[in-house]
Amino acid sequence: VQNYLSRLALLQNLLEQSESVDSLVISPGPDLRYLTGYDAIPLERLTALVMRAGQAPYVLSPLLEKAAALASPIGAIGLDIRTWSETENPFEMVAGTLPKNGSFAVDGRMWADKLLRLQAQLPEAKSSSANQLISALRMKKSSDEIESLRAAGSAIDSVHAQVAGLLKVGRTEAEVGSDIERLIIESGHARVDFVIVGSGPNSASPHHEVSDRVICAGDIVVVDIGGTMPDGYCSDSTRTYSMGETSQSFRDKFEVLHHAQQLATQAVKPGVSCESIDQTARDYMTAHGIGEYFIHRIGHGIGMETHEEPYMVAGNKTLLEVGMAFSIEPGFYVDGQAGARIEDIVICGEAGADVLNNRPRELVEVEI
Ligand code: ZN
Ligand code: ZN
């Protein structure tokens, strides 16, 4: 409860200081859960945390969900809960508490339908995204959050430890994928978020999921998996496997990738920019002939969402601060042939990266 009270107080403070926004309307999603602990399911009925400069926040809830809201930490926080019944217009109710000519911001996950209906109630007001304001808080993890991410990291590591045993010539990606899903839950996750088993040419498609392709001898298999723990924090880790021996030219490229991933991890420290972490790996890969195959940013922030601020990408000049959590996941993808990726979640610490995924990063050669 103390965490939520201090997050709400920090956000209220940012809101008081903001020159561009006077109110916030936060619908169910990761921002609401981060701020209040209320893990409400986004549905067509409007639930929202409403915050206004100079006034106390309140939660608007459908009457039939009031008990659920009170059962969440919202009850213990003591937030004012206002309810609406089935025949009332909740958008009109929220709009009635906001300045007519003001400027309100909404969470980035609010359904467009809800934003449009709110805008229709406040035709004179400006509306914008609250992403910047809220991610300024969410980006920097507290020590509790770091421990949650560490637990998520070891849970997914324990799944990767078993993947080599599931990869067999003759099995399909989908068969391996469903075993992995089961293991993700057994390892302590509450939910499977994604399972990528990209074999052979599919390894060269970074966001391939699974297919009915049968795994063959000599295939490269990229396995990128993640889930959400019961407390809401996410895991995400990638290792690359080889079904038996692979070509020298692939192994050479993989060695470059492995070193690039290490260099980027070593570059993490407070005060360096997000884009420089990407550049460190990219420069090395380019100097060793595989830069053109590194077709995505090196990483993304992680917390209550698998992808959140800060994004580790050229152009992001945000400076790393102690407590920021993000992935370092360079890869190379030779279209139609094979690809590879190595991904760890790290925390920016005082003395450098605190690495949360610790399975060996070498190409895992599966005996066939
Ligand atoms: Zn991943
Ligand atoms: Zn990732």
Side-chain angles (χ1 to χ4, degrees), residues 30 135 138-139 141 145 148-150 152-163 167 173 176-177 180-181 183-184 187 189 191-199 202-210 220-229 232-241 254 257-258 260-262 264-265 268 274-275 277-278 280-282 293-314 316 320 324-333 339-348 353-361 363-364:
S135 65
R138 281 181 49 187
M139 267 196 297
K141 270 64 182 178
E145 292 185 284
S148 294
L149 285 167
R150 194 184 308 283
S154 19
I156 210 68
D157 279 1
S158 76
V159 179
H160 266 299
Q162 301 171 76
V163 166
L167 291 170
E173 293 173 357
V176 173
I180 291 175
E181 286 189 17
L183 293 175
I184 289 176
S187 69
H189 292 83
R191 194 175 75 210
V192 177
D193 290 329
F194 57 90
V195 172
I196 295 174
V197 181
S199 69
N202 294 338
S203 63
S205 167
H207 276 181
H208 175 78
E209 292 187 341
V210 295
I220 296 301
V221 188
V222 171
V223 177
D224 184 354
I225 52 182
T228 302
M229 298 291 277
Y233 287 82
C234 300
S235 65
D236 183 6
S237 179
T238 310
R239 292 294 183 262
T240 301
Y241 301 80
F254 193 88
L257 174 70
H258 187 184
Q261 206 260 357
Q262 271 177 339
T265 305
V268 171
C274 290
E275 67 176 358
I277 303 299
D278 179 277
T280 298
R282 201 169 298 279
Y293 304 118
F294 180 16
I295 56 173
H296 55 70
R297 65 186 179 212
I298 201 169
H300 51 83
I302 186 166
M304 302 194 94
E305 288 179 280
T306 310
H307 288 192
E308 60 180 46
E309 299 278 355
Y311 293 100
M312 313 305 281
V313 62
N316 188 357
L320 291 182
M324 286 184 174
F326 49 89
S327 68
I328 297 188
E329 49 176 311
F332 66 84
Y333 311 92
R341 180 162 67 256
I342 304 170
E343 173 179 27
D344 294 324
I345 303 304
V346 309
I347 308 277
C348 178
D354 176 5
V355 182
L356 305 188
N357 297 108
N358 291 292
R359 292 289 307 159
R361 297 171 188 86
L363 184 65
V364 185

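Atoms within a ligand are numbered from 1 in the order they appear, just like the ligands themselves. What you see is a predicted model, and the numbers here were worked out from it, not measured in a lab.
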Problem set entry | Side chain Glu145, main chain Gly303, donor-acceptor under 3.5 Å | no

For this session: Give the atom name of whichever N/O/S atom in Glu329 sits closest to the Zn ion (ligand 2).
Result: OE2

For this session: Could you confirm whether His307 has any N/O/S atom lying under 2.8 Å from the Zn ion (ligand 2)?
Result: no

Problem set entry | Asn357 and Glu343: CA distance, side-chain angles, deciding distance, side chain to side chain contact (heavy atoms under 4.5 Å, CB included) verdict | CA-CA 8 Å; Asn357 297 108; Glu343 173 179 27; over 6 Å; no

Exercise. What atom name does the N, O or S atom of Glu343 nearest to the Zn ion (ligand 1) carry?
Worked result: OE1

For this session: For the pair Tyr333 and His296, name the ring-plane relationship: parallel under 30°, tilted 30 to 60°, perpendicular over 60°.
Result: tilted

Exercise. For the Zn ion (ligand 2), which N, O or S atom of Asp236 is at the shortest distance?
Worked result: OD2

Problem set entry | More than 12 heavy atoms from other groups under 6.0 Å of CD on Gln262 | yes

